Amino acid sequence: MSLGRPLRGSCYCGRNQYIVQIPSGASEAAQILFDTTTAHRLSSATPFPAFLRVPLSWYHSEIFPFFPDETRTNIRRIYSHPTEQSAMRQFCGYCGTPLSYWSEQPRSEADYIRLTLGSLLSEDLRDLEDLGLIPDESEQDLMGVTPTSTSNQESQLIGRDITGIPWFESLILGSRLGNIRTTKGVEESRDGRIRVEYEVTEWTADDAEDDGEGKISDTLGGKRKRREAEDVMGGNIAQGTI
């Protein structure tokens, strides 16, 4: 299946942006990879590194300097670890977002590039399921999204939204990570001069083995003990003042 438009991605500040142009009927050449090897874990600073692996010919990138003194080499930085001289990792020199990983070892990998999954736009992350890259184990009521039109004729600075990714949330549902719930939203004043983006993260512990009444009694008991201690301390203070 083809989306009829490229997948889009960028760093956090927006200076580095890229598109993945998927030829019609060729989406099976793309692949989602979760690679928890030490090198990827440390370079991505996450215990769960995830990549979109695509043919190198599909990948097209561009930089957007914000000021005249910003150069290409400062915006798009490349790092090769001493133990990975055959590999290159690209990241933003300003906001630090990891962008891609490329290696010529083994030789067959030289024709592919791995793009950090988190650098894709949220709208495009959701589209990975439509491309058949995410196993569809159950029907989901996905949020309707109107694709943002892009022009192939001229460069266009792309923006980001902050909505969730249903297929990724389903991966962690039922796991220990599933106890974490994040709520995000945007509020804007009527005159449009003030815009507030917020994020609230809640952690729910596993209460299956705990008895609710036991919790209440423990709480009340703790309060009683505290009152008794305060009474004793109060009595000692009173005795000391006489």
Side-chain angles (χ1 to χ4, degrees), residues 1-37 39-40 43-44 49-65 71-81 84-136 145 147-160 165 167-168:
M1 176 181 177
S2 177
L3 293 175
R5 64 169 179 80
L7 295 174
R8 301 153 300 164
S10 77
C11 63
Y12 189 36
C13 67
R15 288 177 170 87
N16 290 277
Q17 301 192 13
Y18 65 85
I19 63 171
V20 177
Q21 191 74 53
I22 304 177
S24 179
S27 59
E28 65 276 1
Q31 186 179 13
I32 299 295
L33 298 176
F34 297 96
D35 194 331
T36 58
T37 56
H40 288 307
S43 61
S44 301
F51 300 93
L52 172 63
R53 178 181 177 269
V54 297
L56 192 58
S57 59
W58 294 6
Y59 171 74
H60 308 277
S61 63
E62 192 166 353
I63 63 167
F64 291 85
T71 64
R72 174 176 293 274
T73 54
N74 287 335
I75 293 176
R76 180 170 302 150
R77 305 299 298 271
I78 298 176
Y79 175 72
S80 294
H81 192 272
E84 292 183 318
Q85 290 301 311
S86 61
M88 294 189 301
R89 299 180 186 274
Q90 290 186 344
F91 64 96
C92 178
Y94 286 86
C95 66
T97 302
L99 294 167
S100 67
Y101 169 80
W102 174 87
S103 177
E104 58 183 356
Q105 294 295 333
R107 181 63 185 86
S108 58
E109 279 299 302
D111 295 330
Y112 293 85
I113 188 171
R114 297 186 185 188
L115 305 173
T116 53
L117 208 56
S119 64
L120 285 172
L121 300 191
S122 298
E123 176 184 335
D124 296 60
L125 277 171
R126 287 190 289 269
D127 289 337
L128 295 180
E129 189 169 27
D130 295 334
L131 287 172
L133 299 178
I134 307 298
D136 187 11
V145 177
T148 303
S149 60
T150 58
S151 173
N152 295 329
Q153 303 299 323
E154 59 181 75
S155 302
Q156 179 179 350
L157 188 67
I158 54 180
R160 286 186 171 272
I165 313 300
W167 64 259
F168 183 78

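All of these numbers come straight from a predicted model, not from anything done at the bench.
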TODO: Using a strict 4.0 Å threshold on nitrogen-to-oxygen distance, state whether Asp127 and Arg8 make a salt bridge.
DONE: no

Would you compute the distance between atom [atom1] of [X] and atom [atom2] of [Y] and round it to the nearest 0.5 angstrom?
{"X": "Cys11", "Y": "Tyr94", "atom1": "SG", "atom2": "OH", "answer": "11.0 Å"}
{"X": "Cys13", "Y": "Ile75", "atom1": "SG", "atom2": "CD1", "answer": "8.0 Å"}
{"X": "Leu121", "Y": "Arg126", "atom1": "CG", "atom2": "CZ", "answer": "10.0 Å"}
{"X": "Arg72", "Y": "Glu62", "atom1": "CZ", "atom2": "CD", "answer": "8.0 Å"}
{"X": "Met88", "Y": "Glu84", "atom1": "CE", "atom2": "CD", "answer": "12.0 Å"}
{"X": "Asn16", "Y": "Phe64", "atom1": "CG", "atom2": "CZ", "answer": "10.0 Å"}

Heavy-atom closest contact ([X] atom, [Y] atom, distance):
{"X": "Ser119", "Y": "Thr116", "value": "OG-O, 2.7 Å"}
{"X": "Trp102", "Y": "Ala110", "value": "NE1-O, 2.9 Å"}
{"X": "Tyr12", "Y": "Cys95", "value": "N-SG, 3.4 Å"}
{"X": "Leu115", "Y": "Ser100", "value": "CD2-CB, 3.8 Å"}
{"X": "Ala26", "Y": "Trp58", "value": "O-CH2, 3.0 Å"}
{"X": "Pro6", "Y": "Ile19", "value": "CB-CB, 3.9 Å"}

- [ ] Just jot down the side-chain hydrogen bond (donor to acceptor under 3.5 Å, both in side chains) partners of Thr37, sequence neighbours excluded, or say none.
- [x] Asp35

TODO: Flag the pair His40 / Arg89 as yes when at least one side-chain heavy-atom distance between them is below 4.5 Å, and no otherwise.
DONE: yes

Task: Close side-chain approach of Ser61 to Arg76, heavy-atom, < 4.5 Å - done: yes

Open item on the list: Just checking Phe91 against Tyr79, ring centres under 6.0 Å apart?
Closed with: no

- [ ] Check the angle between the aromatic planes of Tyr101 and Phe51 and answer parallel, tilted or perpendicular using the 30° and 60° thresholds.
- [x] tilted

- [ ] Consider only side-chain N and O atoms of Ser86 and Glu104, and report whether a donor and an acceptor are under 3.5 Å apart.
- [x] no

Task: Full working for side chain to side chain contact (heavy atoms under 4.5 Å, CB included) between Leu7 and Leu128 - done: CA-CA 9 Å; Leu7 295 174; Leu128 295 180; 3.9 Å; yes

Open item on the list: One pair to check against side chain to side chain contact (heavy atoms under 4.5 Å, CB included): Leu120 and Tyr18. What are the steps and the verdict?
Closed with: CA-CA 9 Å; Leu120 285 172; Tyr18 65 85; 3.6 Å; yes

- [ ] Determine, for Tyr112 and Arg53, whether the Lys NZ or Arg CZ falls below 6.0 Å from the six-membered ring centre while staying within 45 degrees of the axis.
- [x] yes

TODO: Dump the intermediate steps for side chain to side chain contact (heavy atoms under 4.5 Å, CB included) on Leu52 and Leu117, then the final yes or no.
DONE: CA-CA 6 Å; Leu52 172 63; Leu117 208 56; 4.0 Å; yes

TODO: Could you walk me through whether Asn74 and Arg15 pass the side chain to side chain contact (heavy atoms under 4.5 Å, CB included) test, one step at a time?
DONE: CA-CA 10 Å; Asn74 287 335; Arg15 288 177 170 87; over 6 Å; no

